[in-house]
2 protein chains.
Amino acid sequence: MSETHGIRELAAEFGITTRTIRFYEDKGMLRPARDGQRRIYSPRDRVRLRLIMRGKRLGLSLEEIAELIDLYDVDPSEVTQLRQFIEVIGIRMTALEAQRRDIDDALGEMRRIEKQCADLLAQKQSQKKGSKA
Amino acid sequence: MSETHGIRELAAEFGITTRTIRFYEDKGMLRPARDGQRRIYSPRDRVRLRLIMRGKRLGLSLEEIAELIDLYDVDPSEVTQLRQFIEVIGIRMTALEAQRRDIDDALGEMRRIEKQCADLLAQKQSQKKGSKA
DNA sequence: GCCGCCCTTTACGTTAACGTAAAGGTCAAT
DNA sequence: ATTGACCTTTACGTTAACGTAAAGGGCGGC
């Protein structure tokens, strides 16, 4: 039942190298338990790694990702911290929404181009047919 | 009426340095005209630069961006090229859609956390009031 | 006891995407 | 003609995010 993993397992699961995982630990983004010297990764560590990978897919730097992840486990005891927290999250969300718009724009253009190509293809096909008939 | 620009203007408009613009040219991503030695940027060049910046916001490497931009001005004369083209665009679109999902996931989580914080804040406020009454 | 496999730390190497500095050309204004 | 504001090329420097190699410990199997 104890859902723990070795570093090699985790690396395989995420398609990265052990070096990369240790590097993220160096950067303070992971804090696996230890069995002697060996690193032991809990489900919680896996979640963190998943968040890191998603951040990378979004084009964030490791530094930005670290900040974001830290957001997830701020202890919500101080009110001023909570306020700042909400503000930071708001900023981040605005950025993400802008990125979403960028993606939608790009997708729109690509669909347009794709259609143009398809139309051109159809034209050429009918021309071919015509030449045979 | 001739909508051309010097390198300095363009840099200011996009919030980047002239070095960066020349760097992109080195990489074959821009091909400004010349007046003697000076670079002259056409509206077309500006569009390209806009595409580059958007690609960067999406976390793409300059190499990926260059490929994508080249997609926009492939000459659609060969049918096999058109087919390949449509395929490549499809792959790119799939990737962008995945990235969109990542963003939506992240936004969802952040909204959840934001709400949690807001609720906590509200709780603390009412507690404060209660202690004063 | 030794082999092979996994793990560890330490440290130098590499690539992308520029930054920064050096050395110089051009042109308008003073 | 010299200053200042641009522009140019060339080239070395820098940072992030790892890769890669060296040197070694722990352990189950033969």
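Keep in mind it's a predicted model, so treat the numbers as computed, not measured. Computed over heavy atoms, backbone and side chain alike; hydrogens, waters and symmetry mates excluded. Residue numbering restarts at 1 for every chain, and letters A, B, ... go by the order of the sequence lines.
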Rounded to whole Å, the CD1-C1' distance (A:I7 to C:dC6) equals 11 Å

Could you go through nucleotides 11-18 of chain D and list every protein N or O atom that sits under 3.5 Å from one of its N or O atoms, giving the distance for each pair?
{"unit_1": "D:dA17", "atom_1": "OP1", "unit_2": "A:L62", "atom_2": "N", "d": "2.8"}
{"unit_1": "D:dC18", "atom_1": "OP1", "unit_2": "A:K56", "atom_2": "NZ", "d": "2.9"}
{"unit_1": "D:dC18", "atom_1": "OP2", "unit_2": "A:Y24", "atom_2": "OH", "d": "2.7"}
{"unit_1": "D:dC18", "atom_1": "OP2", "unit_2": "A:K56", "atom_2": "NZ", "d": "3.0"}

Answer with base, sugar-phosphate or nothing: what part of the nucleic acid does A:R8 contact at a heavy-atom distance below 4.0 Å?
sugar-phosphate

Between CZ of A:R39 and P of D:dG25 the distance, given in whole Å, is 17 Å

Test salt bridge (Lys or Arg N to Asp or Glu O under 4.0 Å) applied to A:D119 and A:K115, step by step: CA-CA 6 Å; A:D119 290 353; A:K115 187 174 183 314; 3.1 Å; yes

Can you check whether A:D104's main-chain N or O pairs, donor with acceptor, with B:R100's side chain at less than 3.5 Å? no

Exercise for the section: Inspect the contact between B:R34 and B:E25 and indicate whether a charged nitrogen and a carboxylate oxygen are less than 4.0 angstrom apart. Expected result: yes

Between A:E97 and B:R111, does any NZ, NE, NH1 or NH2 come within less than 4.0 Å of an OD or OE carboxylate oxygen? yes

- Query: Taking atom types as modelled and ignoring hydrogens, do the side chains of A:E9 and A:Y41 form a donor-acceptor contact shorter than 3.5 angstrom?
  - Reply: no

Heavy-atom nearest nucleotide on DNA chain D taken for A:Q37 and for B:R22; more 5' hit belongs to B:R22

From CZ of A:R38 across to C1' of D:dC27 the rounded distance in Å is 8 Å

Whole-Å distance, A:I21 CD1 to C:dT8 P, equals 10 Å

So, does B:R57 use its side chain to make a donor-acceptor pair with the main chain of A:Q99 at under 3.5 Å? no

